[in-house]
S.K.: 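I'd like to ask some things about the structure below.
Note that this is a predicted model, so its numbers are computed, not measured. Heavy atoms only: backbone and side chains are in, while hydrogens, waters and symmetry mates are out. A, B, ... follow the sequence lines: proteins, then strands. Residue 1 opens every chain.
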There are 2 protein chains.
Amino acid sequence: MSTRDRLVETTRELLWERGYVGTSPRAIQQRSGAGQGSMYHHFAGKGELARAAIERGAAELRAAAEAQLSGAGTASERITGYLRRERDVLRGCPMGRLTQDPEVVASAELGAPVRETFAWLRERLAALIAEGVAGGEFAAGLDPDATAAAVVATVQGGYVLARAAGDPAPFGQAIDGILGLLERKDAR
Amino acid sequence: MSTRDRLVETTRELLWERGYVGTSPRAIQQRSGAGQGSMYHHFAGKGELARAAIERGAAELRAAAEAQLSGAGTASERITGYLRRERDVLRGCPMGRLTQDPEVVASAELGAPVRETFAWLRERLAALIAEGVAGGEFAAGLDPDATAAAVVATVQGGYVLARAAGDPAPFGQAIDGILGLLERKDAR
DNA sequence: GTCTATACGCGGATAGAC
DNA sequence: GTCTATCCGCGTATAGAC
């Protein structure tokens, strides 16, 4: 891996763990093994590095979700697969985390990948839910957009509950809860 | 309001906006109008101040939730009232926000109020959901604990979606979604 | 491309006067 | 109780040598 790549990967880790305000160029240098001059040779500064790191993270997250959501199976099975896929729950979501950073949301450059990722995910799930409703897998009266928002929110909030508890269990409970509600397919 | 109180209130605001790492003693002093010496006279340091601020915030959040959840009406009405109560959505949840701060979750002193608040809220909602299931308001097969976790997670995740979008609407959608799922009362 | 040197203000706190 | 002075290392960079 090139020095440049190591810088980006290290920045991703640090942003995930400590957020944008909590991540210093010094820490990036030390953890990545790159020197001061090296870092400023490859990137104009902390902002540029964060931009690269966030964009890479967003692309990977979307690719991973798309792989699950466009796989084989019914709409319900694919959603369940997505929700139950293995996660490093106590680390939280690398995109959702950035949402708490005032400097990230205030910045067009840094915030755009986060905004787009969640917009895409909600749309993708809404389409899948609409498919499930059409196929009779879900209740006929279900609003796909609202339900998709609730599903994505449950995942994001599940991370919050798990971190608050210092225990991954509440995440699993929240997923069980939303799936339990989704699966009662009886019409209204 | 005493200087001490102003320091605590200012710290609450700053923790809410910027988190623990992003909040400096200097910023607290400037925004509260208290001097350096004054701050260190009342509190041993940033940690003590944050502890007081977090504890006060946790107590108020619980009181506000309890007021909604123990009000008049059926279980379903009280839960709906809680979910639909007015919120400053784009500011996020002052407790949920702290969950992203590594220094907060790593500290017993700072993390305990957060942990206890969410544990209490999940239990409180689970009891109310169990009541609703017993009274036939909700589907008979519903798991109260899992459903409560999903409901709390939807709120917390709703904040994340709203902040990601820079728009309060996704929060409302997520709430609509979870309520839509909860309200289909047909047995499994 | 990478290194070392240098800069300057902030973060977090202590000391002691008033 | 509050103020000013002082401390020391970190955050965030720039300059210039190799």
S.K.: With a 4.5 Å cut-off on side-chain heavy atoms, are B:Pro94 and B:Arg12 touching?
M.R.: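 B:Arg12 does not reach B:Pro94 side chain to side chain.
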S.K.: Output all residues satisfying salt bridge (Lys or Arg N to Asp or Glu O under 4.0 Å) with A:Arg124, sequence neighbours left out; order by chain, then residue number.
M.R.: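 Scan of A:Arg124 (salt bridge (Lys or Arg N to Asp or Glu O under 4.0 Å), adjacent residues dropped) gives A:Glu66.
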S.K.: Evaluate the side chain to side chain contact (heavy atoms under 4.5 Å, CB included) criterion for residues A:Gln100 and A:Val105: first the C-alpha distance (whole Å), next the side-chain angles of each, then the deciding distance (0.1 Å), finally the verdict.
M.R.: CA-CA 8 Å; A:Gln100 302 300 324; A:Val105 293; over 6 Å; no
S.K.: Near DNA chain D, under 4.0 Å by heavy atom, which residues of residues 39-55 of chain B?
M.R.: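 Here the set is B:His41, B:His42.
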S.K.: Do any of residues 100-114 of chain B sit with a heavy atom less than 4.0 Å from DNA chain C, and if so which?
M.R.: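 Hits under 4.0 Å, by residue number: none.
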S.K.: Heavy atoms within less than 4.0 Å of DNA chain D: which residues of residues 10-21 of chain A have one? Give them sorted by number.
M.R.: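 Going residue by residue through residues 10-21 of chain A, none turns out to have a heavy atom under 4.0 Å of DNA chain D.
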S.K.: So what does B:Gly37 hit on the nucleic acid, given a heavy-atom distance under 4.0 Å: a base, only sugar-phosphate, or nothing?
M.R.: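 Base, at least one base atom sits under 4.0 Å.
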S.K.: Hey, what do you get for CZ (A:Arg78) to CD1 (A:Ile129), rounding to the nearest 0.5 Å?
M.R.: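 Between A:Arg78 CZ and A:Ile129 CD1, I get 12.0 Å after rounding to 0.5 Å.
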S.K.: Donor-acceptor pairs under 3.5 Å, side chain of residues 141-154 of chain B to any protein atom, not counting sequence neighbours: which ones?
M.R.:
unit_1   : atom_1 : unit_2   : atom_2 : d
B:Asp143 : OD1    : B:Asp145 : N      : 2.9
B:Asp143 : OD1    : B:Ala146 : N      : 3.3
B:Thr147 : OG1    : B:Asp143 : O      : 2.7
B:Thr154 : OG1    : A:Thr154 : OG1    : 3.3
B:Thr154 : OG1    : B:Ala150 : O      : 2.7

S.K.: Keeping to residues at least two apart or across chains, list the side chain to side chain donor-acceptor pair (under 3.5 Å) pairs with something in residues 81-96 of chain A.
M.R.: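 Applying side chain to side chain donor-acceptor pair (under 3.5 Å) to every pair that reaches into residues 81-96 of chain A, excluding sequence neighbours, yields A:Arg84-A:Asp176, A:Arg87-A:Tyr159.
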S.K.: Within the structure shown, what part of the strands sits under 4.0 Å from B:Ser2 by heavy-atom distance: base, sugar-phosphate, or nothing?
M.R.: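 Nothing, no heavy atom under 4.0 Å.
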S.K.: For A:Asp5, which residues count as a salt bridge (Lys or Arg N to Asp or Glu O under 4.0 Å) partner, sequence neighbours excluded?
M.R.: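 Once residues adjacent in sequence are excluded, the partners of A:Asp5 under the salt bridge (Lys or Arg N to Asp or Glu O under 4.0 Å) criterion are A:Arg56.
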S.K.: State, to 0.1 Å, how close B:Met95 and B:Leu61 come at their nearest heavy-atom pair, and which atoms those are.
M.R.: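 Nearest heavy atoms, B:Met95 then B:Leu61: CG-CD1, 3.6 Å.
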S.K.: What heavy-atom pair brings A:Thr10 and A:Ser32 nearest, and what distance separates the two atoms?
M.R.: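 Of all heavy-atom pairs spanning A:Thr10 and A:Ser32, the closest is OG1-CB, 3.2 Å.
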S.K.: Output a table of nitrogen or oxygen pairs between the protein and nucleotides 5-7 of chain D separated by less than 3.5 Å.
M.R.:
none

S.K.: With sequence neighbours left out, what residues match B:Glu55 under side chain to side chain donor-acceptor pair (under 3.5 Å)?
M.R.: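 Once residues adjacent in sequence are excluded, the partners of B:Glu55 under the side chain to side chain donor-acceptor pair (under 3.5 Å) criterion are B:Arg51.
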S.K.: Looking only at heavy atoms, what is the nearest atom pair of A:Leu90 and A:Ala162, with distance?
M.R.: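 What the structure gives for the nearest pair is CD2-O, 3.5 Å.
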S.K.: Roughly, in whole Å, what's the span from CD1 in A:Ile28 to P in D:dT12?
M.R.: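 My rounded result for the distance is 9 Å.
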S.K.: Do B:Ser107 side-chain atoms and B:Glu103 backbone N/O form a donor-acceptor pair below 3.5 Å?
M.R.: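 A pair under 3.5 Å: no.
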S.K.: Ignoring hydrogens and angles, write down the donor-acceptor pairs under 3.5 Å from the side chains of residues 35-48 of chain A, residues two or more places apart or on other chains.
M.R.:
unit_1  : atom_1 : unit_2  : atom_2 : d
A:Gln36 : OE1    : A:Gln29 : NE2    : 2.8
A:Lys46 : NZ     : A:Tyr20 : O      : 2.9
A:Lys46 : NZ     : A:Thr23 : O      : 2.8

S.K.: So how far is it from B:Phe171 CZ to B:Gln156 CD, rounded to the nearest 0.5 Å?
M.R.: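 Atom-to-atom, B:Phe171:CZ and B:Gln156:CD are 8.5 Å apart.
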S.K.: When you list every nucleotide of DNA chain C with an atom under 4.0 Å from a heavy atom of chain B, which one comes first 5' to 3', and which comes last?
M.R.: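 The contacted stretch runs from C:dC10 to C:dT14.
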S.K.: Tell me which of A:Thr3 and A:Arg26 sits closer to the 5' end of DNA chain C, going by the nucleotide each one is nearest to.
M.R.: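 Result of the comparison: A:Thr3.
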S.K.: Does anything in residues 23-45 of chain B pair up under salt bridge (Lys or Arg N to Asp or Glu O under 4.0 Å), and if so which pairs, sequence neighbours excluded?
M.R.: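 Checked against salt bridge (Lys or Arg N to Asp or Glu O under 4.0 Å) - neighbours excluded - the pairs reaching residues 23-45 of chain B are B:Glu13-B:Arg31, B:Glu17-B:Arg31.
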